2 protein chains.
Amino acid sequence: MPINPTDPRPAYQQIADDLRAQIDRGDLRPGDRLPSIRVLASLHDVAQMTIRQAITLLVNEGRVSTRQGRGAFVREPQPVRRIASSRYRTQLEYVQQAGKAPPAPGTAFTGDHQIAWHEYELEKSFSRVPAPPVVADLLEVPIGTPLLARRFVFYARSRPEQISTSYYPLSLVEGTPVADPNNEPWPGGNIAQLATLGVHVTEVQESVRARMPTPEERQILQIPRGIPVLTIRRRMLAQGRPVEAAVDIVIPADRVVLDYTIELSS
Amino acid sequence: MPINPTDPRPAYQQIADDLRAQIDRGDLRPGDRLPSIRVLASLHDVAQMTIRQAITLLVNEGRVSTRQGRGAFVREPQPVRRIASSRYRTQLEYVQQAGKAPPAPGTAFTGDHQIAWHEYELEKSFSRVPAPPVVADLLEVPIGTPLLARRFVFYARSRPEQISTSYYPLSLVEGTPVADPNNEPWPGGNIAQLATLGVHVTEVQESVRARMPTPEERQILQIPRGIPVLTIRRRMLAQGRPVEAAVDIVIPADRVVLDYTIELSS
DNA sequence: CAGTGGTCTAGACCACGCT
DNA sequence: GCGTGGTCTAGACCACTGT
C-alpha cells in the first residue's frame, strides 16, 4: 500500500483522503482507533512526519481527535442540544403566571439542555463599564454610557457549555435585582427578571455567526481542535427600546443546533 | 529573541502566541505579511519545521493565510452579507402584488447580497429521488416517497457563495414550473413560485449549525483553511403541511451573518 | 534569479497511558 | 516496560512568485 508517486496530490493528502474515505465508508467507525503513526508510516513507506501531517489535516477538519499516549480516534458525534427561539416565549410564563403556582424553576439554558435546576451551574462576574462602540450601537446609546456588564460561564452537569456577556443601561438596572450577582440564576431568566422592574420585553433580535474559537475560548469551553464556535449577538427590546445586549454568546458548534421559526402571516 | 526553554509551552506554541499577540495588538495588521519562515527560524533559533507548525496553528484558527511563493499574511475581514429572516416576507410581495406592477426582480439571495439581478448566477441540477430518511422526516412522508431534488450553487459576481439542495414532494410539483430547471432563477424565489401552484407558505423553520467544510465544499466554495461553514436545514410549511425541505444550505462562515427576530406578543 | 512557502526524510527524545 | 502521540532537528528538493 505505498503511495502513488504519479498522483499529483502530495503523499500526506493521499493518505488523509484514504483515511477519510475509510471513515465515510464506515470501515472506521466513530470511536475507532486509527492505525498508529508508526504502522501507517511503514505501511505507506513514508516518514512519520508525513503521516502526522495527514492526521493533522483530519484533526482540523473535526473528523479525528488525538490523545497522547492512546492514539488517534474517529470523532464521535456529540449529543446535540437544540436551542429554540421559542425559549424566550417560555420565559414569559414566569411573568404572566405571577400570583399563580409558578412552573418548575428554569431558565432558557436549563430548558435548552433538558437538565434539572440543580445540574445547572454558573460562573458570574458583574461590573460597571462605559459602553464600547459595538454595544452602544446595539443599545442605541452614546459610546461611554454607563452600563452594567454581566459575564457568565454556563455549566451543564459540570461541563462548560456557553460563555456570554450581556449589557444593560445602568440607569435602568442600578439598585435592582438585575445588578445583584447573588440573584443569579434567576428562575425564568432575565426576561422574567426585567419584568419585575416593569420592563416587558416584546422583541428579541439575534445575529448568528460562526468562526474558530480563540485559544482562551478553547480553554474555557474545552473545545477540541477542528471544532468551530457559533456566536450569537443579541438584543432585547421593550416597546421598541433596547434594554439588553449580549456581545457575544459563544457556544461550541459540535453540541448545538439553533432553531428558528419565521411566521409568514398570509 | 530565542524561545524560553523554561516556559512549559512548546516552542511552536510560544511563537504562535507571540505572532497572535502581534496581530491582536495591531503590530501586524490585516493584509500584512508575516516575517518569512527562514527569518523567523533564525530569529527564534529553531528549525524551519517548528516555525511551520506555529504558522499552521494560526492558519487553522483562521487568523493567517499562506500563499506559495508569496508569504504568510494576516487574514483580512471579509465583506459580510446579512441574511435576514425577513427575506421570506419580502418574497411575499411577489405573491400579494399579483396584477399590480411587480417590484424589481429578485430572490432571497439577491436581496441578501445587495446585488443586481444580472450579477446573480446559478448552477442547477434537478433530479427525481426517493426520500432519504432525514428529508422524509422533515417533509413528514414515508422514506422512499418520490421527491423532486433541486441542487443549486449560487454565485454573486461570479464568486461561489452558497450550496443548497431542496426537496419537494413530486406529487405536489411534477409537471409544474417548479420542476422545470429553465424557470430558475424565478423572480421572487420559491415562495412566489409555490404560490403560482396555489401553495401558500405560512411558516418557515430553520435549524442552524456550524462545522468545518468537507474537502468537496472547500473546493466548490473556495473556502480557505481555518474557515467553518454555517449550515441551515430548512422547511417550509403551508397551513401546517410541509411542502419543501432544504438539506442543507451551506455557506462559508466568514462572509455571512444570519439575522433573526423573535416577537414576544405581550 | 532570488526568495517565498510546500513537501519530505530519518532520525532523536519527551510525555503520557496502560498493563 | 512498551506503545502511543508530541516536539524538534538539520537538512533536502520542489513549486510558485516577482524582479
Side-chain angles (χ1 to χ4, degrees), chain A residues 1-19 28 31-61 63-75 215 218-219 222 224-226, chain B residues 1-19 28 31-61 63-75 215 218 224-226:
Chain A
M1 191 62 107
I3 60 140
N4 179 358
T6 71
D7 194 315
R9 292 173 302 167
Y12 78 92
Q13 263 294 350
Q14 294 182 44
I15 295 164
D17 289 351
D18 179 49
L19 289 168
L28 287 169
D32 282 357
R33 216 199 73 192
L34 272 58
S36 80
I37 288 178
R38 286 155 182 86
V39 166
L40 286 170
S42 73
L43 191 68
H44 293 100
D45 195 25
V46 296
Q48 293 187 17
M49 280 295 288
T50 304
I51 300 298
R52 175 165 296 287
Q53 228 178 326
I55 289 179
T56 300
L57 214 58
L58 299 177
V59 167
N60 285 313
E61 286 174 9
R63 313 279 311 245
V64 161
S65 68
T66 58
R67 277 175 283 180
Q68 191 169 124
R70 299 200 42 196
F73 299 83
V74 181
R75 268 186 63 85
R218 289 197 54 225
Q219 186 252 313
Q222 297 179 33
R225 295 219 171 280
Chain B
M1 189 64 103
I3 60 139
N4 178 358
T6 71
D7 196 313
R9 292 173 302 167
Y12 79 92
Q13 263 294 350
Q14 293 182 44
I15 295 164
D17 289 351
D18 179 49
L19 289 169
L28 287 169
D32 281 358
R33 217 199 74 192
L34 271 58
S36 80
I37 288 178
R38 288 156 180 86
V39 166
L40 286 170
S42 74
L43 192 67
H44 294 100
D45 194 26
V46 296
Q48 293 187 17
M49 280 294 289
T50 303
I51 300 296
R52 174 164 296 287
Q53 228 177 324
I55 290 179
T56 300
L57 214 58
L58 298 176
V59 166
N60 285 312
E61 286 174 12
R63 313 278 314 240
V64 161
S65 68
T66 58
R67 279 175 281 181
Q68 192 170 128
R70 300 201 38 195
F73 299 84
V74 180
R75 269 186 61 84
R218 289 197 54 224
R225 294 219 170 279

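Worth saying up front: this structure is predicted, and the values here are computed from it rather than measured.
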Are the side chains of P10(A) and Q53(A) in touch, meaning some heavy atoms are under 4.5 Å apart?
no
Closest to side chain of P10(A), choosing from dT7(C), dC18(C), dC8(D):
dT7(C)
Contact between H44(A) and Q14(A) at the side-chain level, heavy atoms closer than 4.5 Å - yes or no?
no
Spacing between I37(B) atom CD1 and dA12(D) atom C1', to the nearest angstrom:
15 Å
So does Y12(A) get a side-chain nitrogen or oxygen closer than 4.0 Å to the phosphate oxygens (OP1/OP2) of dT7(C)?
yes
Is N60(B) reaching over with its side chain to a backbone N or O of T56(B), donor-acceptor style, under 3.5 angstrom?
yes
Return yes if the base of dG5(C) and the side-chain atoms of R33(B) contain a donor-acceptor N/O pair under 3.5 Å, otherwise no.
no
Donor-acceptor pair, distance only, cut-off 3.5 Å: does the side chain of Q48(A) make one with the backbone of A41(A)?
no
Kindly say whether, by distance alone, the side chain of R38(A) makes a donor-acceptor pair under 3.5 Å with the base of dG5(D)?
yes
Taking atom P of dG17(C) as reference, at what distance in whole Å does atom CZ of R67(A) sit?
10 Å
Nearest to the side chain of T66(A) - dT7(C), dG5(C), dG5(D)?
dG5(D)
Give the rounded distance in Å between these two atoms: CD1 of I15(A) and P of dT9(C).
8 Å
If you find the nucleotide of DNA chain D closest to G69(B) and the one closest to Q13(B), which residue's nucleotide is nearer the 5' end?
Q13(B)
Closest listed nucleotide, where the reference is the side chain of Q68(A) and the choices are dT7(C), dA15(C), dC8(D)
dA15(C)
Could you please spell out the steps behind the side-chain contact (heavy atoms from CB on, under 4.5 Å) verdict for R52(A) and L40(A)?
CA-CA 10 Å; R52(A) 175 165 296 287; L40(A) 286 170; over 6 Å; no
Side chain to side chain, L19(A) and R63(A), heavy atoms closer than 4.5 Å:
no
Rounded to whole angstroms, how far apart are CD on Q48(B) and C1' on dG3(C)?
12 Å
What is the distance from NE2 of H44(B) to P of dT7(D), rounded to the nearest Å?
17 Å
DNA chain C: 5'-proximal contact among G71(B) and V46(A) (nearest heavy atom):
G71(B)
For R9(B) and dC8(D), what is the distance between atoms CZ and P respectively, to the nearest whole Å?
12 Å
Please list residues of residues 49-58 of chain A whose heavy atoms come under 4.0 Å from any atom in DNA chain D, ordered by number; otherwise none.
M49(A), R52(A)
Do the non-hydrogen side-chain atoms of T66(B) and R225(B) ever get within less than 4.5 Å of each other?
no
